[in-house]
Amino acid sequence: MITRSLVIASLMLSASMSVSIAADESVEVMHYWTSGSEAAGLNVLKQLLEKRGVTWSDSPVAGGTGMNMVQVLRARIASDTAPSAAQMHAQQVQAWGAEGVLTDLSDLAKKQGWDKIIAPELLPLISYDGKIVAVPVNVHRSNWLWYNKKVFDKVGVQPPATWEEFNQVSEKLLAAGITPLALGGQPWQEADLFENVVLGIGGADFYRKVMVEQDEASIKSETMTKVFDQLRIMNKFVDANYPGRDWNLATQMLIKGEAGMQIMGDWAKGELSLAKMEPNVDYGCSPAPGTKGDYVWLTDNFGFFTTKDANREKGQMEMASAILDKDFQQAFNIKKGSIPSRVDVSMDKFDYCGKAAYADRAEAQKTNTSLPSLAHNAASNAAKTGVFLDVVSTFFETKDMTPQQAIDQLVAGLKSAGQ
Ligand code: GAL
């Protein structure tokens with residue numbers, strides 16, 4: 001009897017050991033993709049990894065553009081309990097790279113020829129100090145205007161090509177009892193609006209001077225006053241419940257026809273597709289006012305945190321390689337609303353707006369009007385981006401603040417952020 005139970009016990013022990021070995025080859029993934037379409041996209045990756053024998057341990061931190069995740073991740077790294085992987089924008093890859101906490105993916109990249117399959121402009125963004133330290137999942141465009149086509153047809157308006165037209169269209173929507181602009185009052189969403197107004201009013205060179213170079217003369221210019229004037233006008237085009245609203249709830253307003261327009265990156269299209277909305281039938285996509293010919297880009301990447309655990313590192317490498325799987329790139333980016341980070345994925349199955357994004361990016365690259373997004377950590381470092389977010393959001397929410405006060409605060413804030 002004793003012998004039998006010992007045998008069973010030892011069998012159980014070895015079974016649990018093999019389970020635990022397999023379970024060790026797991027990845028804890030920290031991300032902020034918690035909306036319906038984002039979760040659906042991530043699920044494709046989760047399933048692919050599970051097929052490859054890697055267990056997924058989910059660590060979501062809700063809050064658009066990672067507004068809450070950054071602090072959580074920093075705390076985890078500081079307490080030496082970093083997750084296996086975390087979602088990061090282009091500038092964040094550089095920042096974590098500089099802190100020396102990212103796993104070197106160079107050998108894998110070499111073996112799989114990443115330099116031949118990844119869009120060439122993305123390679124410097126995932127490299128730090130000559131090493132590949134992250135893997136890009138996609139490219140998103142932030143200068144989009146989404147509009148509810150049925151609402152537009154009913155009110156008899158066309159998508160606005162300039163900010164002046166935007167104001168006229170908005171007045172008509174208001175008169176018809178429809179909220180013109182679906183917005184959530186969160187600093188990053190207001191900054192998203194700001195970058196579109198900067199580009200639409202000032203053009204590509206002005207945008208670069210302000211967002212990338214933080215050129216003081218441009219920030220103090222008359223053009224910048226016009227940008228803030230336009231933002232002030234837009235106060236009346238959002239509904240009373242906008243404070244704190246998440247971006248995907250704003251997209252729902254568009255879906256339901258409660259709002260006419262949303263200015264948001266093409267992750268909004270992920271939600272529109274999930275709701276079975278058809279481009280050019282139920283909704284339309286056009287470049288944000290005044291930004292035709294420009295492509296404001298941002299990328300989502302995953303970086304992996306250094307570990308001494310060989311199994312954990314194996315899981316990280318498997319995840320990095322799965323992200324560049326060609327079929328995954330197609331399935332994921334169709335759900336997410338973005339375009340692939342690989343150059344060789346067919347766009348045939350993408351919808352009208354996805355194809356337009358792809359073509360517009362190619363064109364903008366030729367004309368040097370492909371620009372990095374400020375609100376999505378592609379244009380500038382965290383300290384300077386934070387100054388823009390604070391000032392723009394305070395301006396939008398403080399009705400008696402003047403453009404001059406906003407400009408003065410920007411100049412002072414950027415100086416102390418090390419302009
Ligand atoms: C962006 C991110 C997108 C999308 C969006 C809303 O910054 O790059 O993938 O998730 O925020 O959270």
Side-chain angles (χ1 to χ4, degrees), residues 29-45 58-73 85-95 122 125-126 134-144 146 182-196 211 244-252 254 262-274 295-303 323 328-329 331-341 353-354 357 361 371-380 382 385-386 388-389:
V29 185
M30 190 176 278
H31 65 89
Y32 53 89
W33 281 339
T34 54
S35 81
S37 60
E38 292 170 333
L42 211 53
N43 219 19
V44 182
L45 183 59
D58 207 36
S59 285
V61 183
T65 205
M67 64 179 190
N68 304 321
M69 197 195 93
V70 179
Q71 297 87 307
V72 178
L73 179 59
Q87 195 186 334
M88 48 191 76
H89 284 137
Q91 290 279 338
Q92 295 164 332
V93 171
Q94 296 304 307
L122 304 185
L125 310 176
I126 55 163
V135 57
V137 198
N138 61 2
V139 181
H140 267 304
R141 179 188 200 177
S142 78
N143 63 318
W144 275 123
W146 311 96
L183 181 75
Q186 295 175 345
W188 75 268
Q189 290 188 58
E190 290 151 342
D192 215 313
L193 214 51
F194 171 76
E195 74 181 29
N196 279 295
M211 306 307 210
R245 175 188 287 134
D246 286 329
W247 68 270
N248 53 319
L249 299 181
T251 310
Q252 285 301 321
L254 192 76
Q262 184 178 22
I263 289 171
M264 183 57 53
D266 35 23
W267 44 94
K269 181 160 68 76
E271 295 297 297
L272 294 166
S273 307
L274 194 69
Y295 185 96
V296 184
W297 61 264
L298 57 129
T299 57
D300 289 310
N301 308 277
F302 278 94
I323 285 171
F328 164 74
Q329 282 272 322
F332 171 85
N333 284 301
I334 286 175
K335 288 191 193 304
K336 187 70 173 64
S338 39
I339 59 178
S341 55
C353 306
R361 179 179 63 151
L371 303 155
S373 162
L374 177 93
H376 303 278
N377 308 300
S380 213
T385 304
F388 279 104
L389 261 68

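As the structure lists them, so they are numbered: ligands from 1, and atoms in each ligand from 1. Numbering of residues begins at 1 and proceeds along the displayed sequence.
Looking at D246 and Q186, their side chains do bring a donor and an acceptor atom within 3.5 Å of each other. Side-chain contact of S380 with Q91: a donor-acceptor pair under 3.5 Å is absent, judged by distance alone. Side chain to side chain, H376 and D300 fail the donor-acceptor criterion of an N or O pair below 3.5 Å. Side chain to side chain, S35 and N248 fail the donor-acceptor criterion of an N or O pair below 3.5 Å.
For atom 1 (C) of ligand 1, the closest non-hydrogen atom on the protein side is H376 ND1, 3.5 Å. Atom 8 (O) of ligand 1 has its closest protein heavy atom at D300 OD1, 2.6 Å. Atom 3 (C) of ligand 1 has K336 NZ, 3.5 Å as its closest protein atom, hydrogens excluded (heavy atom only). Shortest contact from atom 10 (O) of ligand 1 to any protein heavy atom: E38 OE2, 2.6 Å. Residue, atom and distance of the protein heavy atom nearest to atom 12 (O) of ligand 1 are T65 N, 3.0 Å.
Atoms of ligand 1 lying under 4.0 Å from any heavy atom of W247, numbered from 1 in the order shown and given with element: 6 (C), 12 (O). Residue G64 approaches ligand 1 through these ligand atoms, each under 4.0 Å from one of its heavy atoms: 12 (O). Taking a cut-off of under 4.0 Å to the non-hydrogen atoms of H89, the atoms of ligand 1 that pass are 1 (C), 2 (C), 7 (O), 8 (O). Close approach of ligand 1 to H140 (heavy-atom distance below 4.0 Å) involves ligand atoms 3 (C), 9 (O). Ligand 1 places these atoms under 4.0 Å from at least one heavy atom of Y32: 2 (C), 7 (O), 8 (O), 10 (O), 11 (O), 12 (O).
Looking only at side-chain heavy atoms (C-beta outward), L122 and T299 come within less than 4.5 Å of each other. For the pair W146 and D266, the minimum side-chain heavy-atom distance is below 4.5 Å.
Looking at W33 next to ligand 1, an N or O pair under 3.5 Å apart turns up. Residue-to-ligand polar distances keep Q87 apart from ligand 1: every N/O pair is separated by 3.5 Å or more.
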For F302 and Q87, what are the C-alpha separation, side-chain angles and deciding distance, and is it a side chain to side chain contact (heavy atoms under 4.5 Å, CB included)?
-> CA-CA 5 Å; F302 278 94; Q87 195 186 334; 3.9 Å; yes
Test side chain to side chain contact (heavy atoms under 4.5 Å, CB included) applied to L45 and F332, step by step = CA-CA 8 Å; L45 183 59; F332 171 85; 5.7 Å; no
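At a heavy-atom distance under 4.0 Å, only side-chain atoms of L298, from C-beta outward, approach ligand 1.
In this structure, W188 has its ring center at least 6.0 angstrom away from the ring center of Y32.
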